[in-house]
Chemist: 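So that we are looking at the same thing, I have put the structure below in structure tokens.
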Amino acid sequence: MAQQIRKYPVGIQTFSRLIQDGYVYVDKTDLVWEMVNFAKYIFLSRPRRFGKSLLSSTLESYFKGEKDLFKGLKIMSLEKEWVHYPVLHFDLSTAKHLGAEGLKAELGLQLGEYERLYGRNEAELSPGMRLGGVISRAYEQTGKPAAVIIDEYDAPLLDVLHDEGQLHEIREVLQEFYQRLKKSEPYIKFCFITGITKFSQLSIFSTLNNLTNITLLPKFSAICGITEEELCSTLWRDVELLADANKVSAVEMHQRLKLRYDGYHFSENSPEIYNPYSLLKAFLMQKIDNYWFESGTPTFLIRQLKHFNTDITSMDRLEVPAVAFDQPTENMNDALPLLYQCGYLTIKDYDADLESYTLAIPNLEVKIGYVSGLLPAYIGLNDTDVRMGFAAKFWKALRSGDIDLALRHMQAYLAGIPYVDGFKKKLAEAASTEAFYEYTFYLIFSMLNVYVQTQVRVAKGRADMVVFMPDTIYIIEMKASGSAEEALKQIDDKGYAEPYQTDGRSIVKVGVNVNKETRTIEGWKIG
């Protein structure tokens, strides 16, 4: 392993400690200053592990006037006054799984820290009353308005989105708490609220209508995460160290990092953003791995996909109107806006005329993590079960161009999958048998990092599946109540292969017959 000469702030979310202890820091302080001077009440949504807490801590140090911490950083050429304001910093990530009463207790605990500084009025009974009292007393005692920072504001609600009883109770507590922020406006210098879901989607900010939402503004799209420019400047030495440890060139390592961790966009004109947690963890561990899912399993993702019966094969590229992002979360009729906010999908394109976004899976890390979570939910096996026996043989046959052998491996593998009750049964009842096998093929190809598209539109219809290999494109049509010959004929009759005639790769047409009784491939024909 290469000698460790850099300290990486994995798990460090306190700005003062990061600076004082000499951790690697990508300077975002110019954007912090611009944000502070952009509006008085700010809301920002970003996925978990994207630096929201560090940003909140940076704001705390800034408003406390801790000038020495910012020496040598971009903000020093912008800020001239460095006034020490009272700061009230709340972190609601500690209020998960607590219920309404537990949430009140947690808010009370955090309020108590500031009441010890500025006093407590016993007539202030609710969390909102106590917040309003602390803000006004801080102003009275210091002569300066307070900076209020609320990190992970929506954490208490995310796990109860589909539990109407708990959702209502917790929402009422938060509404009462947050509405004091507007009433206390004369005594507030700046208010910053951050979380995963957008404020309008939880219906708790109806009274706080003076929030400025900067989530999709190009101006602040890089305020969290690592840009390509930052990787190639501030962090290039770390790329070189990682390359040395893995015995590859820095250019090769750069490409590997880009494939695994890059690809996020947080506005229509956003630069590509790397996942900061995974990138820094790779530098620390001197190894590329799927660290973002390691820090939190995709349980939430799977739950949302199941709840909305989401077509998982559509997540590689789908169109979403801009208005979809403003649906109240508890009234959403699909999971896609929420999946975007949580980082499982990202913006890949924007059509200004149609006011619609194209969303897709950001990168290989997310794709591997989400497929690994979906395999047991959809077909009853985890990715280790698949990789250890089936994948190597299937992949070798596919790479060698032997689709007949690959399908024989697939046939044997599918025949051994145990039937899973619950969601798989529900899916089978709700969709056609072909759709179920599309899901199965899609997950297996995705797990092997093979680019696959399903329900591909052409002039005369839609191909079930198109698989893209380096030298070959496979057009696959499936029949659950027919024959492999009929499936192959449909490929020709509908012209499914025509869009790829000038691609340069070989085109192989495959008709597949699946048996709904045995739940495996019964036969196939190659043309």
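Model, not experiment: these values are computed from the prediction.
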Chemist: Can you confirm whether Lys67 is buried at NZ, in the sense that more than 12 heavy atoms of other residues, nucleotides or ligands lie under 6.0 Å from that atom?
Modeler: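 Atom NZ in Lys67 is not packed in, count stays at 12 or less.
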Chemist: Are the side chains of Thr358 and Leu318 in contact, using a 4.5 Å heavy-atom criterion?
Modeler: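 Of all side-chain heavy-atom pairs linking Thr358 with Leu318, none is under 4.5 Å.
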Chemist: Is it true that Arg237 and Glu240 have a side-chain N and a carboxylate O under 4.0 angstrom from each other?
Modeler: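 Glu240 and Arg237: salt-bridged.
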Chemist: Let's go through Asp151 and Ser53 carefully: what are the C-alpha distance in whole Å and the side-chain angles of both, what is the deciding distance for side-chain hydrogen bond (donor to acceptor under 3.5 Å, both in side chains) to 0.1 Å, and is it a yes or a no?
Modeler: CA-CA 6 Å; Asp151 191 16; Ser53 295; 2.5 Å; yes
Chemist: Do Leu211 and Ile42 have side chains that get closer than 4.5 Å, going by heavy atoms?
Modeler: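 Result no, sub-4.5 Å side-chain heavy-atom pair not found.
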Chemist: Any chance you could lay out the side-chain hydrogen bond (donor to acceptor under 3.5 Å, both in side chains) test for His89 and Glu113, step after step, and finish with the verdict?
Modeler: CA-CA 10 Å; His89 187 173; Glu113 175 184 347; over 6 Å; no
Chemist: Decide yes or no on side-chain contact (heavy atoms from CB on, under 4.5 Å) for Asp68 and Trp82, but give the supporting numbers first.
Modeler: CA-CA 10 Å; Asp68 289 346; Trp82 294 101; over 6 Å; no
Chemist: Is it true that a side-chain atom of Ser184 and a backbone atom of Tyr187 form a donor plus acceptor pair closer than 3.5 Å?
Modeler: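 Side chain of Ser184 to backbone of Tyr187, a donor-acceptor pair under 3.5 Å: no, none is there.
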Chemist: Ring centres under 6.0 Å, that's the criterion: do Tyr62 and Trp33 meet it?
Modeler: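 Judged by ring-centre distance (under 6.0 Å), Tyr62 and Trp33 do not meet the cut-off.
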Chemist: Whether the Gln453 and Tyr451 side chains hold a donor-acceptor pair (N or O, under 3.5 Å, no angle test) is what I'd like checked.
Modeler: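 Per modelled atom types, Gln453 and Tyr451 side chains form a pair under 3.5 Å.
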Chemist: If you apply the rule salt bridge (charged side-chain N to carboxylate O under 4.0 Å, His left out), what do you find for Arg137 with Glu124, and how did you get there?
Modeler: CA-CA 13 Å; Arg137 285 190 294 275; Glu124 296 164 357; 3.0 Å; yes
Chemist: Could you check if a side-chain atom of Ile149 sits within less than 4.5 angstrom of a side-chain atom of Leu88, using non-hydrogen atoms only?
Modeler: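 Not in contact.
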Chemist: Backbone N or O of Pro47 within a donor-acceptor pair of the Lys52 side chain at under 3.5 Å?
Modeler: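 Side chain of Lys52 to backbone of Pro47, a donor-acceptor pair under 3.5 Å: yes, one is there.
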Chemist: Could you check whether Ser278 and Glu365, counting side-chain N and O atoms only, form a donor-acceptor pair closer than 3.5 Å?
Modeler: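 The criterion, which ignores hydrogens and geometry beyond distance, is satisfied for Ser278 and Glu365.
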Chemist: Taking atom OH of Tyr340 as the centre, report whether more than 12 heavy atoms of other residues, nucleotides or ligands fall under 6.0 Å from it.
Modeler: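 Yes.
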Chemist: Check for a donor-acceptor pair, side chain of Lys287 on one end and backbone N or O of Lys281 on the other, with a separation under 3.5 Å.
Modeler: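 Not confirmed, Lys287 side chain does not pair with Lys281 backbone.
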Chemist: Determine, stepwise, if the pair Glu101 / Lys104 fulfils salt bridge (charged side-chain N to carboxylate O under 4.0 Å, His left out).
Modeler: CA-CA 5 Å; Glu101 293 305 313; Lys104 290 180 183 178; 3.6 Å; yes
Chemist: Test side-chain hydrogen bond (donor to acceptor under 3.5 Å, both in side chains) on Gln175 and Gln179; report intermediate values, then the result.
Modeler: CA-CA 6 Å; Gln175 279 179 322; Gln179 70 181 0; over 6 Å; no
Chemist: Students often mix this up, so state it plainly: with edges at 30° and 60°, are the rings of Tyr264 and Trp292 parallel, tilted or perpendicular?
Modeler: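 The rings of Tyr264 and Trp292 stand perpendicular, inter-plane angle above 60°.
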Chemist: For the residue pair Asp351 / Ser356, report whether a side-chain donor-acceptor contact shorter than 3.5 Å exists.
Modeler: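 There is no such pair (donor and acceptor under 3.5 Å, judged by atom type) between the side chains of Ser356 and Asp351.
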Chemist: Just wondering, are more than 12 heavy atoms of other shown residues or ligands nearer than 6.0 Å to OH in Tyr118?
Modeler: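 Yes, because the 6.0 Å sphere around OH of Tyr118 holds more than 12 heavy atoms from other groups.
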Chemist: What are the two closest heavy atoms between Ser93 and Ala155, and how far apart are they?
Modeler: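 The answer is CA-CB, 3.9 Å.
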Chemist: Are there over 12 heavy-atom neighbours, none belonging to Lys189, within less than 6.0 Å of that residue's NZ?
Modeler: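 Counting other residues, nucleotides and ligands, NZ of Lys189 stays at 12 neighbours or fewer.
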Chemist: Taking all non-hydrogen atoms of both residues into account, name the closest pair between Arg130 and Gly108 and its distance.
Modeler: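 Scanning both residues, the minimum pair turns out to be NH2-O, 3.2 Å.
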Chemist: Thr346 side chain to His265 main-chain N or O, any donor-acceptor pair under 3.5 Å?
Modeler: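 Yes, the answer is positive, given that a donor and an acceptor are paired below the 3.5 Å cut-off.
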Chemist: Evaluate the side-chain proximity of Leu44 to Cys224: yes if any heavy-atom separation is below 4.5 Å, no if none is.
Modeler: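 In short, these two side chains touch, coming nearer than 4.5 Å.
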Chemist: List the steps and the verdict of side-chain hydrogen bond (donor to acceptor under 3.5 Å, both in side chains) for Tyr274 and Glu272.
Modeler: CA-CA 7 Å; Tyr274 288 78; Glu272 289 201 343; over 6 Å; no
Chemist: For Ile196 and Cys342, work out which heavy atoms get closest and say how close.
Modeler: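 Scanning both residues, the minimum pair turns out to be CG2-SG, 3.6 Å.
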Chemist: For residues 22-32, which residue pairs pass the side chain to side chain donor-acceptor pair (under 3.5 Å) check, not counting sequence neighbours?
Modeler: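 Counting only pairs at least two positions apart or across chains, the side chain to side chain donor-acceptor pair (under 3.5 Å) contacts touching residues 22-32 are Asp27-Thr29, Lys28-Glu230.
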Chemist: Has Lys96 got more than 12 heavy atoms of other residues, nucleotides or ligands less than 6.0 Å from its NZ?
Modeler: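 No, NZ of Lys96 has 12 or fewer neighbouring heavy atoms, counting only those of other groups under 6.0 Å.
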Chemist: Using a 3.5 Å distance criterion without hydrogens, assess whether the side chain of Glu152 forms a donor-acceptor pair with backbone atoms of Gly195.
Modeler: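 Pair absent, no side-chain N/O of Glu152 close to backbone of Gly195.
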Chemist: Any sub-3.5 Å donor-acceptor pair from Thr14's side-chain atoms to Ser16's backbone N or O?
Modeler: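 Not at all, since once roles are kept as given, no pair shorter than 3.5 Å links the two residues.
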Chemist: Does the ring center of Phe90 lie less than 6.0 Å from the ring center of Tyr114?
Modeler: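 Yes: the rings meet the under 6.0 Å criterion.
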Chemist: Give the C-alpha distance, both sets of side-chain angles, the deciding distance and a yes or no for side-chain contact (heavy atoms from CB on, under 4.5 Å) between Ile150 and Asp91.
Modeler: CA-CA 6 Å; Ile150 301 177; Asp91 179 4; over 6 Å; no
Chemist: Give a yes or no on whether the backbone of Thr215 and the side-chain of Arg46 come within a donor-acceptor separation of less than 3.5 Å.
Modeler: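 Judged by distance alone, yes, a pair lies under 3.5 Å.
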Chemist: Are there over 12 heavy-atom neighbours, none belonging to Glu34, within less than 6.0 Å of that residue's CD?
Modeler: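 Above 12, so yes.
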Chemist: Would you kindly check if the NZ (Lys) or CZ (Arg) of Arg6 is within the cone defined by 45 degrees around the ring axis of Phe283 and under 6.0 Å from the six-membered ring centre?
Modeler: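 Pair Arg6/Phe283 does not count as cation-pi.
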Chemist: Under 3.5 Å, side chain of Lys64 to main-chain N/O of Pro86, donor-acceptor pair present?
Modeler: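 No: the side chain of Lys64 does not pair with the backbone of Pro86.
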Chemist: Are the side chains of Phe192 and Leu55 in contact, using a 4.5 Å heavy-atom criterion?
Modeler: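 Yes. Closest side-chain heavy atoms under 4.5 Å.
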Chemist: What about the rings of Tyr153 and Phe177, do their centers lie closer together than 6.0 Å?
Modeler: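 No, the ring centres sit 6.0 Å or more apart.
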Chemist: Mind listing the closest non-hydrogen atom pair of Arg180 and Leu131 along with its distance?
Modeler: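 Result for this residue pair: CB-CD2, 4.3 Å.
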Chemist: Are Asn269 and Ser267 linked by a side-chain donor-acceptor pair shorter than 3.5 Å?
Modeler: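 Short answer, no.
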Chemist: Could you go through Leu279 and Leu231, starting from their C-alpha distance and side-chain angles, then the distance that decides it, and tell me whether this counts as side-chain contact (heavy atoms from CB on, under 4.5 Å)?
Modeler: CA-CA 9 Å; Leu279 191 62; Leu231 179 70; 3.8 Å; yes
Chemist: Could you report the tightest heavy-atom contact between Ile273 and Ser221, atom names first, then the distance?
Modeler: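 Heavy-atom minimum between the residues: CD1-O, 4.0 Å.
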Chemist: For Asp262 and Leu257: C-alpha separation, side-chain torsions, deciding distance, then whether side-chain contact (heavy atoms from CB on, under 4.5 Å) applies.
Modeler: CA-CA 7 Å; Asp262 194 16; Leu257 292 170; over 6 Å; no
Chemist: Pairing donors with acceptors under 3.5 angstrom, does anything connect the side chains of Thr197 and Gln341?
Modeler: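 Absent: no donor and acceptor within the cut-off.
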Chemist: Take Asp244 and Lys247, measure what salt bridge (charged side-chain N to carboxylate O under 4.0 Å, His left out) needs, and give me the verdict at the end.
Modeler: CA-CA 5 Å; Asp244 290 344; Lys247 296 180 172 55; over 6 Å; no
Chemist: What residues form a ring-ring contact (aromatic ring centres under 6.0 Å, His included) with Tyr357, not counting sequence neighbours?
Modeler: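 By the ring-ring contact (aromatic ring centres under 6.0 Å, His included) rule, Tyr357 matches Phe325, Tyr350.
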Chemist: Please work out which of the three classes, parallel, tilted or perpendicular, describes the rings of Phe190 and Phe63, given edges at 30° and 60°.
Modeler: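 Judged by the thresholds at 30° and 60°, the geometry between Phe63 and Phe190 is parallel.
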Chemist: May I ask you to test the Ile214-Phe43 pair for a side-chain heavy-atom distance under 4.5 Å?
Modeler: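 Result no, sub-4.5 Å side-chain heavy-atom pair not found.
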Chemist: Which heavy atom of Phe220 sits nearest a heavy atom of Leu31, and at what distance?
Modeler: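 Heavy atoms of Phe220 and Leu31 come nearest at CE2-O, 3.9 Å.
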Chemist: Is there a donor-acceptor contact under 3.5 Å from the side chain of Ser77 to the main chain of Lys74?
Modeler: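 Checked: pair present.
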